[in-house]
Amino acid sequence: MRVFGKRIPLSVSLVFWFVVWEAVGRLGVSSIFPPLSRIVAAGMTVLATEKFVKAAEISLRSFALGMAFALIVGIGLGVLMARVESIGRLLGTWVNVFVSAPISALVPILMALLGIGETTVVATVFLFAVFVIILDTQVGIRKADRSLIEMARSFGANGYQIYTKVLILSALPEILAGIRLAAIRGVKGVVIGQLLVSIIGVGELFELYSKHFLMEEFWALVIVVFAFALVVSEGIAYLERRVEFYAGAR
Amino acid sequence: MSTDAIVELKGIGKTYETGVDALRDVNHAFPAGKLSTLLGPSGCGKTTLLKIIGGLIAPTTGEVCVKGKRVDGPGAERAFVFQDFALLPWATVLRNVAFGLELRGTPKEQRIEIARKFIGEVGLAGFESSYPHQLSGGMRQRVGLARALTVDADIILMDEPFSSVDEQTRRKFQEDMLDLLRHRQKTVIFVTHSIEEAAYLSDRIVLLSARPGTVSQIIHPNVDRGNKSPDEIRRDKNYLDAVDEIWQVLKKYLA
């Protein structure tokens, strides 16, 4: 960004909005928006409490488990659907329906099936994440260069080698893009799942803070969750850029 | 040098699922240690025939015999060089060249050593850790050629290897390839659509008819490569006669 011919670093934008927030907070426009400085101070105390550490632990565990299942099932099914035409046709429509469906609507059913607890949250993360991984893996495998497969066969590759040494690597840019989108959806899954279950993890804290009108703590938690989602997404985006380099002239 | 048949085609026919007759009753024996070119009007099925020899496509009728034995798929005695290079974009030149050996389970140190040797021979020393997209078309095909040489197959199958390479690079590459193959008793089967390329490179030219392709005529250019420079060869009477003879045959198939 340039203002009066001078380059303005990106961090200025952050600082600017922090200042605006602080000012609005101090003016006392609404008790929902306390000044940022007080949110940060509240955050410091909250982050150190045992309750937060435990909530974070449960949330991270649900996220990691749900994502792990989504990765295994998503990549597996995506490859199968791309390679076996009948499976692709059988499941293709459903994957497309679910990738755009509001999965949150299904969480009450999950609660009825799996109980009000961590399992439901893991299942929510899984459902939020898995379909976009399936879809992107499928596209990546379908786009894989036919002549690379032919080349591998001509040098005597067996079926397993064609998958591990050609197909999966060839589809890696698409698979990683799918995983990045899935991770962002997965964070939503954790929060929505826990909010609806509302007795565990970060969701329980959100519920607690908003019910008791602890807006400083509430906003501190929002910032932590936003930052987490951003860090995960940027981490995968970094991997993607490296893979793009190697896959350069596909 | 033995002239026994190393690859024999017996009654090869190929009909695609779409009903297109690509090849019909192709019979031919390729002598060992020679460079044979498959040449014909476009769409005559020469690439299909090469892929059938390579075991990448199954013929509808007939059989392919290599060293007297019927083959039904790719084999270690045949190595392929592809028109579009078919290099792994995520792998370095070194790993690409060693990839055939990697698939065969050659231990890493050994295959790296062999790959380095051939990278040097095709003139790419210093580019071992480059990626394919950092190389020019000609250099990429040198990688493809090196990869085919590492597996030490007796038969090298080349599918229009120079067609995606510009004219000047192509000439230099053709000469280098002749140099490389001359002192290795390789049998080369080479698909091209360039009459000059066929006459310049080949010991024998197998002319195919228009679709459905079948063997129409065999031409022996008899170009004396002895001590002649490439430019002298291109003015050689036998070379010019061969070019003319091929053209007279191919002309018939052009509508």
Side-chain angles (χ1 to χ4, degrees), chain A residues 75 78-79 82-86 88-89 136-180 236-250, chain B residues 47 50-58 71 73-92 95-106 111 129-137 140 143-144 147-153 155-160 164:
Chain A
I75 294 177
V79 170
R83 296 292 288 173
V84 186
E85 206 185 330
S86 54
R89 286 196 185 175
D136 278 25
T137 305
Q138 196 188 0
V139 170
I141 299 281
R142 282 222 179 111
K143 259 179 54 184
D145 194 343
R146 300 283 124 213
S147 81
L148 287 185
I149 299 170
E150 205 165 52
M151 179 276 290
R153 279 183 54 216
S154 84
F155 284 102
N158 55 36
Y160 175 75
Q161 287 176 317
I162 287 180
Y163 277 95
T164 55
K165 290 187 188 283
V166 178
L167 275 175
I168 295 288
L169 289 170
S170 195
L172 203 56
E174 282 84 7
I175 293 178
L176 274 178
I179 294 175
R180 182 168 51 83
I236 302 172
Y238 170 74
L239 273 180
E240 267 183 83
R241 281 193 295 274
R242 302 219 13 190
V243 168
E244 284 296 328
F245 169 75
Y246 295 125
R250 278 200 318 165
Chain B
T47 292
L50 192 74
K51 286 189 175 169
I52 288 174
I53 298 171
L56 294 171
I57 296 178
V71 292
E77 71 294 324
R78 282 159 290 155
F80 218 104
V81 177
F82 292 84
Q83 181 177 6
D84 63 356
F85 322 132
L87 303 179
L88 306 173
W90 56 83
T92 59
R95 184 157 173 230
N96 265 297
V97 171
F99 192 63
L101 296 171
E102 184 181 334
L103 291 173
R104 282 177 197 185
T106 310
R111 67 177 191 248
S129 47
S130 301
Y131 287 86
H133 69 270
Q134 297 168 319
L135 304 179
S136 70
R140 286 186 211 179
V143 177
R147 179 177 58 195
L149 291 172
T150 55
V151 293
D152 200 23
I155 304 158
I156 296 187
L157 308 171
M158 303 179 111
D159 181 15
E160 304 200 27
S164 340

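Sequence lines set the chain letters: A, B, ... in the order given, protein chains first and strands last, and positions in each chain run from 1. This structure is a prediction, so every number in the text was calculated from the model and none was measured.
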(message) If you define the side chain from C-beta out and look only at heavy atoms, does anything of B/F99 sit under 4.5 Å from A/M151?
(response) yes
(message) Would you compute the distance between atom NZ of B/K51 and atom CZ of A/R153 and round it to the nearest 0.5 angstrom?
(response) 10.0 Å
(request) Side chain from CB out, backbone as N, CA, C, O: work out which of these in B/F82 comes under 4.5 Å of a heavy atom of chain A, or both, or neither. (result) side chain
(request) Using a 4.5 Å cut-off on heavy atoms from C-beta on, say whether the side chain of B/V151 contacts that of A/F155. (result) yes
(message) Between A/V166, A/L148, A/I149, who has the most heavy-atom pairs with chain B when the cutoff is under 4.5 Å?
(response) A/L148
(request) Would you name the heavy atoms of A/S154 and B/F80 that are closest together and state the gap between them? (result) OG-CB, 3.7 Å
(request) Select one option (side chain, backbone, both, neither) describing which atoms of B/Q83 are under 4.5 Å from chain A's heavy atoms. (result) neither
(message) Counting only non-hydrogen atoms closer than 4.5 Å, does B/F85 touch chain A with its backbone (N, CA, C, O), its side chain (CB onward), both, or neither?
(response) neither
(request) Let me know if B/L87 has heavy atoms under 4.5 Å from chain A in its side chain, its backbone, both or neither. (result) backbone
(request) Measure distances from B/R147 to the heavy atoms of chain A and classify the residue's part below 4.5 Å as side chain, backbone, both or neither. (result) both
(message) Can you tell me how far apart CG (B/D159) and OG (A/S147) are? Round to the nearest 0.5 Å.
(response) 10.5 Å
(request) Would you name the heavy atoms of A/Q161 and B/L103 that are closest together and state the gap between them? (result) NE2-O, 3.0 Å
(message) Between A/E150 and chain B, with a heavy-atom cut-off of 4.5 Å, which part of the residue counts as in contact: side chain, backbone, both or neither?
(response) both
